[in-house]
Engineer: 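Encoded as structure tokens, here's the structure I'll be asking about.
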Amino acid sequence: MRDFFGCYLLTSLDPKNKGRTYIGFTVNPRRRLRQHNGEITAGAHRTKRGRPWDMVLVAYGFPTKVQALQFEWAWQHPTASKAVRGAAQKIGTTAMRGAKGKVRLLFEMLNLDPWCYYPLQVQILSSTYTSLRTNKCLSPPPHVMVSTAPMELLPVVVEDDFDEGPPEEHAEQEDCDDSLIPSADLSMTHDLTDSALSHSALRGQEASAREPGNSDLLSDKDRRKAEKQLQQAEKEQRKADKAKEAAAKLCCVCGEKADAKWFLCTCSVRSHVECLAKRFLKVCIPCIAIPWEYK
């Protein structure tokens, strides 16, 4: 059974793609980075532009793949995620761009429900990137360990022939001259966090094209492209809803399916009573002796 589920942040080392970042999910960071750089095949189509890539950090320790994918989606789309929307508004769209902005957003998310209860670890993979964690970053919960160590010190994981997460992964481009990028690929250069707005815009674009006298607004090629983007946005939304629904039925501590004996907090987190008690004793009061009985 796989016990490693992680979300990672990439940054492009290509001078022509300065500021380009990529967020993804993986069960094997070492192999995943090789895929992104084209050393091995499969699963890295979105990052053909921007090579070579370097992995900035990995956040891991998610109890299940569903919970890791839910975190990945929220990290990719902070303004569309109900859990992260407030933190995203506080940081601001501009401040969330680039590797420094993504790291700041990550530490905000580590303090949000339900992720603040997960036994997560964040490993920054090079001292070069420690400066990305500025004084504007929130401190993580006490039980979340943040370390700086090379990728070789990550836990050993299984070797799958398939990886890594959904095809709807996210790349961000900034600080780059758009004139250097073919117009057909400009959609890759924009932050997908405003997916709800993009969805509405595509609907409006289609409606305008159907109105009498407006048939020239969109060519057949552009209309097909708009319809394809709309279908993709709808697919992402359905996937996020399904992941959220599945995660709501799991214990936030052990990741197993909760039953009738779970504890339901006012903050909507669900967990087994025994799991919550063990986590509380381990994290919050490690040095206090609790009497077994009263005399």
Engineer: Answer yes or no: is there a side-chain heavy-atom contact under 4.5 Å between V27 and F25?
Structural biologist: yes
Engineer: Can L13 be reached from V56 by stepping across I, L, V, M, F, W or Y side chains whose heavy atoms are under 4.5 Å apart?
Structural biologist: yes
Engineer: Report yes if the side chains of V144 and W115 come closer than 4.5 Å at any heavy-atom pair, otherwise no.
Structural biologist: no
Engineer: To check you understand the geometry: which heavy-atom pair defines the closest contact between D14 and G50, and what is its length?
Structural biologist: CB-O, 3.8 Å
Engineer: Under a 4.5 Å side-chain heavy-atom rule over Ile, Leu, Val, Met, Phe, Trp and Tyr, are I23 and M96 clustered together?
Structural biologist: yes
Engineer: L33, Y60: one ILVMFWY side-chain cluster at the under-4.5 Å cut-off?
Structural biologist: yes
Engineer: Please check: side-chain N/O of S81 versus main-chain N/O of A74, any donor-acceptor pairing under 3.5 Å?
Structural biologist: no
Engineer: What residues form a side chain to side chain donor-acceptor pair (under 3.5 Å) with R85, not counting sequence neighbours?
Structural biologist: none
Engineer: Does a donor on one side chain and an acceptor on the other come within less than 3.5 Å for Q76 and E72?
Structural biologist: yes
Engineer: Could you tell me if the side chain of Q121 sits less than 4.5 Å from the side chain of S147, heavy atoms only?
Structural biologist: no
Engineer: Sub-3.5 Å donor-acceptor pair from the side chain of R51 to the main-chain atoms of H36, do we have one?
Structural biologist: yes
Engineer: Can you tell me which residue pairs pass the salt bridge (Lys or Arg N to Asp or Glu O under 4.0 Å) test with a partner in residues 124-153, sequence neighbours excluded?
Structural biologist: none
Engineer: Between the main-chain N or O of G86 and the side-chain N or O of Q89, is there a donor-acceptor pair closer than 3.5 Å?
Structural biologist: no
Engineer: Looking only at heavy atoms, what is the nearest atom pair of P141 and L110, with distance?
Structural biologist: CG-O, 3.3 Å
Engineer: I need the F5 CZ to L69 CG distance, nearest 0.5 Å.
Structural biologist: 9.0 Å
Engineer: Side chains of T21 and R97, heavy atoms from C-beta outward: is any pair under 4.5 Å?
Structural biologist: no
Engineer: How long is the straight-line distance from CG of L106 back to SG of C7, given to the nearest 0.5 Å?
Structural biologist: 9.0 Å
Engineer: Treating N111 as the side-chain partner and C116 as the backbone partner, does any N or O pair qualify as donor plus acceptor under 3.5 Å?
Structural biologist: no
Engineer: How close do S127 and T130 get, counting heavy atoms only, and between which atoms?
Structural biologist: O-OG1, 2.8 Å
Engineer: Would you say the side chain of I91 lies within less than 4.5 Å of the side chain of R104, judging by non-hydrogen atoms?
Structural biologist: yes
Engineer: If I take atom OG1 from residue T11 and atom OH from residue Y129, how far apart are they, to the nearest 0.5 angstrom?
Structural biologist: 6.0 Å
Engineer: With E108, which residues qualify under side chain to side chain donor-acceptor pair (under 3.5 Å), at least two apart?
Structural biologist: K90
Engineer: With rounding to the nearest 0.5 Å, note down the distance linking OG1 in T148 to CD in Q123.
Structural biologist: 8.5 Å
Engineer: Nearest 0.5 Å please: distance from the CE atom of M109 over to the CH2 atom of W75.
Structural biologist: 8.0 Å
Engineer: Are the side chains of E234 and Q237 in touch, meaning some heavy atoms are under 4.5 Å apart?
Structural biologist: no
Engineer: Do M151 and L10 belong to the same hydrophobic cluster, where Ile, Leu, Val, Met, Phe, Trp and Tyr are linked whenever their side-chain heavy atoms lie under 4.5 Å apart, directly or via other members?
Structural biologist: yes
Engineer: Run the numbers on V122 and V58 for side-chain contact (heavy atoms from CB on, under 4.5 Å), then give the verdict.
Structural biologist: CA-CA 6 Å; V122 178; V58 181; over 6 Å; no
Engineer: Treating Ile, Leu, Val, Met, Phe, Trp and Tyr as nodes and any side-chain heavy-atom pair under 4.5 angstrom as an edge, say whether F62 and L112 lie in one connected cluster.
Structural biologist: yes
Engineer: Taking the side chain from N17 and the backbone from R20, do they hold a donor-acceptor pair closer than 3.5 Å?
Structural biologist: no
Engineer: Distance from L9 atom CG to W53 atom CH2, nearest 0.5 Å?
Structural biologist: 9.5 Å
Engineer: Quick one: sort the Y8 and Y22 rings into parallel, tilted or perpendicular, breaks at 30° and 60°.
Structural biologist: parallel
Engineer: Do side-chain atoms of H143 reach the backbone of Y118 as a donor and acceptor pair under 3.5 angstrom?
Structural biologist: yes
Engineer: Does any part of the side chain of N28, heavy atoms only, come nearer than 4.5 Å to the side chain of R30, both counted from C-beta?
Structural biologist: yes
Engineer: Please lay out, stage by stage, how D54 and N37 fare under the test side-chain contact (heavy atoms from CB on, under 4.5 Å).
Structural biologist: CA-CA 9 Å; D54 193 21; N37 284 324; over 6 Å; no
